[in-house]
Amino acid sequence: MEKQNYIINAGPRGTFHQSANYRTEPRDVDILIEHIKAEKPEQITLFFHGGLVKESLGIETALRLYPLLKTDNNLPLFLVWETGLIETIKNEILDVSIDKLFNTILRRTIQVMEKRLGLENAGGKGVSNWTDDKIIAEELKKTRPFDHMEKTPKIVARGAAVMMLPSEPYMLEGLLREDFDSLLEHDYELKLLLSEQHKTGAKGLISIVTLVASLAKIGFRIIKRHQNDRDHGFFPTIVEEIFRQFYLSDIGSEIWGNMKEKAHLVWKNNQGLTGNNQHAGRYLFDHLAIYAEQMKNEGRPIKINLVGHSAGSIVICELLKEIAITYPHQKFNHILLLAPACRTDLFVNEVVKHPERFNKLHCFTMSDANECKDTLVPHLYTRSLLYFISGVLEAKGKGFDEYIVGMERYLNNKEPYNIDENLQLVRDFFKQEKNQYITSESLADALVGFRTTSLKHGDFDENEPTLESIYHILNS
C-alpha cells in the first residue's frame, strides 16, 4: 500500500499546512477513507510517535511498523506530528555545557552541595574542606559523573550534616550565600568573565553579588529536594536546578511547550474551517467516525485502538478530551502507551476518570532503576528524557519532580509520593485487571503480551519483545 494511504502528516498548529517534505492534504485523507471502505478491516489502530521527533523519523517509524502491525483484520494508521527534535535539546544542553560561566557555576555548586548534604566527595575523602577543582574536573570527564554518590543511602542526606542546617529558610539561604561568597571571592577567572559581560543566556548575571544570591537559591532548592526525597540523584539534581535558574530558555522548554500545544490543536473542531486550515487529526477522526457509524448500522462494528510512544501519550489524552465533546459515546478498544510522557493530572482527568472511553489500557515503560541508567546526555545529564521532562521542562520550569505516568518512581506508593491524590488514583487504576503497567526488563518467562526489554526511552517502538506484546494485544 502507498504510504499516503496510512500516514497522515500534521503541519503547523496541527493543520494540513506543509512544514517539511512530506505533506498530507484533506483529499489524501478522503482517498485513505476510500481504501478503508474497500478493505473493511475489523480494527483500525492509530499510532502516535514521540513528540520530539522530526518528520523523517516519524515517517521512518511508520514505514517500519506498518508491516509489523498490519493484518487481515487490523489496519494501522500513523499520525506524523513533527514538532521539534530530541537532537535539538541535546545539542542545546551541550552548548550550555561548554560555556565557561556554566562550568564555574556547576563546580561551585557541587562543592557546596557535597559539604552541606554531608556526602562523600569525588575523591572519597572527608567533607571538611571544599573538594579540589582538579578532582571535580576529573569526575566530570566520566560518562556518568558522581555515580558513586547514588550509592550513598538516602538517610545520609538527612543525617547529621543536614540536621545541623538552619531550619529557617532565610537563615539557610544566608549560610549558602556565605559558602558561595567564600568560594567565589578569589575566583579571578569568574570575575573576568562577568566584567566582560560574558554572553550566556543567563538571567541578568551582572555581578558577583547577584550570582552569589542566585547560587544560594539553587543550593536551597537542592537541599530541600534531598530532604524531602524529591531529588533526582546528586548530580542530576544540581544540573536541573542550574538549568531552571539560568538556562531554561536555552534547553528546550519552548520546544516542549509548543509540542504540547500541537498535541491539543491537532484535534480541534474544524467547524468553520476549510482546506488546509483544518486540523489534520480531527479531519481524519471525523471521517473515521462517519465510516464507523455506517459499519455499525450494517452490523459490522469496527474497533479503534490507540498506541502512543512518549509524548504520543499526550496526543492520546488530548484526543480523548476533544473527541468526547462531539462523540460522547465513542469507546476505544485498546489503548497502549509506551514510556508515556504525559503528566499524571492529565492522565487522571482524561483516562482514569473516564473508564467508559476505552476497554483496556496497557502501559510499557522502564523500571526506575533502568530509567536512572538511561543517559540523555553523557557527562552532563545522566538520567532519561522522562527525568529531564519531569525535572526541567514541565510547568515551564516553575515546577520540579513533576509527576509523569511513565516514571515508575511515582507509582511505588512510597514516601513522599504516597500522599498525592492523583498518584493514588493512578495506582488504583493499574490494579484493575483490565489495565496493565509493565516495566522493563520483564521476566524471561513473562506471558506473551506482558514482555518488554527496552532499556532506552526511545527504543520501545523498536524493541522486539515490546512489539510482540503489542501485536498479541491487538490480535488476541
Does [X] have more than 12 heavy atoms from other residues, nucleotides or ligands lying within 6.0 Å of its [atom1]?
X	atom1	value
K373	NZ	no
Q432	CD	yes
K434	NZ	yes
R221	CZ	yes

Candidate pair E114 and W130, rule side-chain hydrogen bond (donor to acceptor under 3.5 Å, both in side chains), full reasoning: CA-CA 8 Å; E114 282 182 346; W130 306 119; over 6 Å; no
Between [Y] and [X], is the closest basic N to carboxylate O distance under 4.0 Å?
X	Y	result
R383	D374	no
E441	R451	no
K456	D459	no
R225	E240	yes
R108	D187	yes
E189	K100	no
D132	K134	no
R230	D401	yes

Does the side chain of [X] come under 3.5 Å of the side chain of [Y] through a donor N or O and an acceptor N or O?
X	Y	result
N422	Y410	no
S469	T466	no
R409	Y417	yes
S384	E371	yes
S390	E402	no
S182	R177	no

Distance flag, aromatic centroids of [Y] and [X], threshold under 6.0 Å:
X	Y	value
F460	F364	no
Y381	F235	no
F358	F332	no
H309	H457	yes

side-chain hydrogen bond (donor to acceptor under 3.5 Å, both in side chains) between D428 and Q424, intermediate numbers included: CA-CA 6 Å; D428 291 343; Q424 187 57 53; 2.9 Å; yes
Whether F388 and F243 hold their rings parallel, tilted or perpendicular, with breakpoints at 30° and 60°: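 Answer is perpendicular, since the angle exceeds 60°.
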Aromatic plane relationship, F78 with F47 - under 30° parallel, 30 to 60° tilted, over 60° perpendicular: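 Rings of F47 and F78: tilted, 30 to 60°.
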